[in-house]
Peer 1: 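The structure under discussion is supplied below as structure tokens; questions concerning it will follow.
Counting convention: from 1, in listed order, for ligands and their atoms alike.
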Amino acid sequence: MSRIAYVNGRYCVHADAAVHVEDRGYQFADGIYEVCEVSEGRLVDERRHMERLKRSLSELRIPVPMSMPALSIVLHETVRRNRVIEGLVYVQITRGVAPRDHGFPPAGTPPALVVTAKSLDRARIDRTGHDGITVVTLPDNRWERVDIKSVALLPNVLAKQTARERGAREAWFVDRDGRITEGASSNAWIVTAAGELVTRPADHAILRGITRTVLLEVIAAHGLTLQERPFTVAEAYAAREAFVTSASQSVQPVVRVDDHVIGGGKPGPIALTLRSKFHGHTEFS
Ligand code: PMP
């Protein structure tokens, strides 16, 4: 079975799927995206992901390409045509195709829409969840509006590559005050020696992760203590536990930050509990 992609109104064979060379996503990274987990063939937290998508579009003044119910049908149809049971669905919207010019294209230029879906090896993700991952810290050199889920990800790309070259799975960005903002493609969390969960408030310095938002509910439901405040690299080194959250890996324990082993090198009980409870609090559609 060949993979199928939705590109500007058509379902096409993924291998041949293409956008125009003057697509503003390609020319200027002038676009936004969303990634939604697929579990048991259903979308996880579609409503929240679509709310964030609308917000990203409105912050960049890109029109919504079609009604939200129609977009939902395209997402489900792309998942169905690719027979994804466990995996991800990806949506990208750019400011459309127009002769290259930095200013916005003429009013009425339709935004460009691409939707793809892929299967993931759930057993492999669960193994990593069992073993935990290593992260490295790097200076946060991104712009001031990383709360918008834009496709302009060059600093994230370079940070992830540096992490890989150092044998790590994720990079944690550090602001000028020595405080962690978030991961290259995830939100960052620690558990202090006193057993309190700490994660950075969702201001303009991080993406308000959907997994993060749902986890706040899980934490409240289980009576755990949470502090939404920035934490330093030193606090991360001294943490009892650490983990990252994202739609593609829910709660992923961290067992090493730079050269510092966390929690004796094993995923901590709070991270593992939150991981196991997470899908009990998500919406499926
Ligand atoms: N921060 C960044 C920079 C990300 O790319 C992601 C993954 N989309 C996240 C946080 C986590 O967001 P979510 O839980 O919505 O996947």
Peer 1: Counting from 1, what ligand 1 atoms have a heavy atom of E182 closer than 4.0 Å?
Peer 2: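 Those of ligand 1 that fall under 4.0 Å from E182 are 1 (N), 2 (C), 3 (C), 10 (C).
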
Peer 1: If only side-chain N and O atoms count, and only distance matters, is there a donor-acceptor pair under 3.5 Å linking E170 with S186?
Peer 2: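 Distance-only check passes for S186 and E170.
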
Peer 1: Is there a polar contact, in the sense of an N or O pair closer than 3.5 Å, between T211 and ligand 1?
Peer 2: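 Among all N and O atoms of T211, at least one is under 3.5 Å from an N or O of ligand 1.
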
Peer 1: Look only at interatomic distance and state if H49 has a nitrogen or oxygen under 3.5 Å from any nitrogen or oxygen of ligand 1.
Peer 2: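 N/O-N/O distance under 3.5 Å: no.
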
Peer 1: Quick test of your reading of the model: are R10 and E77 salt-bridged, counting only N-O distances below 4.0 Å?
Peer 2: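 Salt bridge absent between R10 and E77.
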
Peer 1: For the residue pair T282 / D45, report whether a side-chain donor-acceptor contact shorter than 3.5 Å exists.
Peer 2: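 D45 vs T282: no donor-acceptor pair found between side chains.
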
Peer 1: Among side-chain atoms of S72 and E46, is any donor-acceptor pair under 3.5 angstrom?
Peer 2: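 Side-chain D/A pair, S72 to E46: present.
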
Peer 1: Identify, by atom number and element, the atoms of ligand 1 in contact range of N187, meaning under 4.0 Å from any of its heavy atoms.
Peer 2: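 Every atom of ligand 1 under 4.0 Å from some heavy atom of N187: 10 (C), 11 (C).
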
Peer 1: Could you find the nearest protein heavy atom to atom 5 (O) of ligand 1 and give me its residue, atom name and distance?
Peer 2: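 Sorting protein heavy atoms by distance from atom 5 (O) of ligand 1 puts S185 CA, 3.3 Å first.
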
Peer 1: Hydrogens and angles aside, do E34 and H49 bring a side-chain donor and acceptor to less than 3.5 Å of each other?
Peer 2: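 There is such a pair (donor and acceptor under 3.5 Å, judged by atom type) between the side chains of E34 and H49.
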
Peer 1: Output the distance between atom CZ (R81) and atom OH (Y6), rounded to the nearest 0.5 Å.
Peer 2: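 Rounded to the nearest 0.5 Å, the CZ-OH separation comes to 10.5 Å.
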
Peer 1: Examine I210 against ligand 1 and note whether any of their N/O atoms are separated by less than 3.5 Å.
Peer 2: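 Among all N and O atoms of I210, at least one is under 3.5 Å from an N or O of ligand 1.
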
Peer 1: Looking only at side chains, do Y90 and Q92 share a donor and an acceptor under 3.5 Å apart?
Peer 2: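 A pair is found: one side chain offers a donor N or O, the other an acceptor, under 3.5 Å apart.
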
Peer 1: What do you reckon, does R52 put a non-hydrogen atom under 4.0 Å from ligand 1?
Peer 2: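 So R52 counts as touching ligand 1.
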
Peer 1: Between T181 and D175, does any side-chain donor sit less than 3.5 Å from a side-chain acceptor?
Peer 2: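 T181 vs D175: no donor-acceptor pair found between side chains.
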
Peer 1: Nearest heavy atom to atom 10 (C) of ligand 1: which of P155, S186, A159, G209 does it belong to?
Peer 2: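 Going through P155, S186, A159, G209 one by one, S186 has the nearest heavy atom to atom 10 (C) of ligand 1.
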
Peer 1: Number the atoms of ligand 1 from 1 as they appear, then name those within less than 4.0 Å of a heavy atom of T245, with their elements.
Peer 2: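 Contacts of ligand 1 toward T245, numbered from 1: 11 (C).
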
Peer 1: Please identify which atoms of ligand 1 are closer than 4.0 Å to at least one heavy atom of A247.
Peer 2: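 Selected atoms, number and element: 13 (P), 14 (O), 16 (O).
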
Peer 1: Based purely on interatomic distance, does G183 place a nitrogen or oxygen under 3.5 Å from a nitrogen or oxygen of ligand 1?
Peer 2: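 It does not: no N or O of G183 is found under 3.5 Å from an N or O of ligand 1.
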
Peer 1: Give the numbers and elements of all ligand 1 atoms closer than 4.0 Å to a heavy atom of A184.
Peer 2: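 This gives 3 (C), 5 (O) as the contact atoms.
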
Peer 1: Go through ligand 1 atom by atom and flag the ones less than 4.0 Å from a non-hydrogen atom of Y33.
Peer 2: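 Close to Y33: 5 (O).
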
Peer 1: Taking only heavy atoms of K149 into account, list the atoms of ligand 1 that are under 4.0 Å away from them.
Peer 2: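 Taking each heavy atom of K149 in turn, ligand 1 has 5 (O), 7 (C), 8 (N) under 4.0 Å.
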
Peer 1: Validate the cation-pi geometry between R95 and F104: distance from NZ or CZ to the six-membered ring centre under 6.0 Å, angle to the ring axis within 45°.
Peer 2: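 Yes, a cation-pi geometry.
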
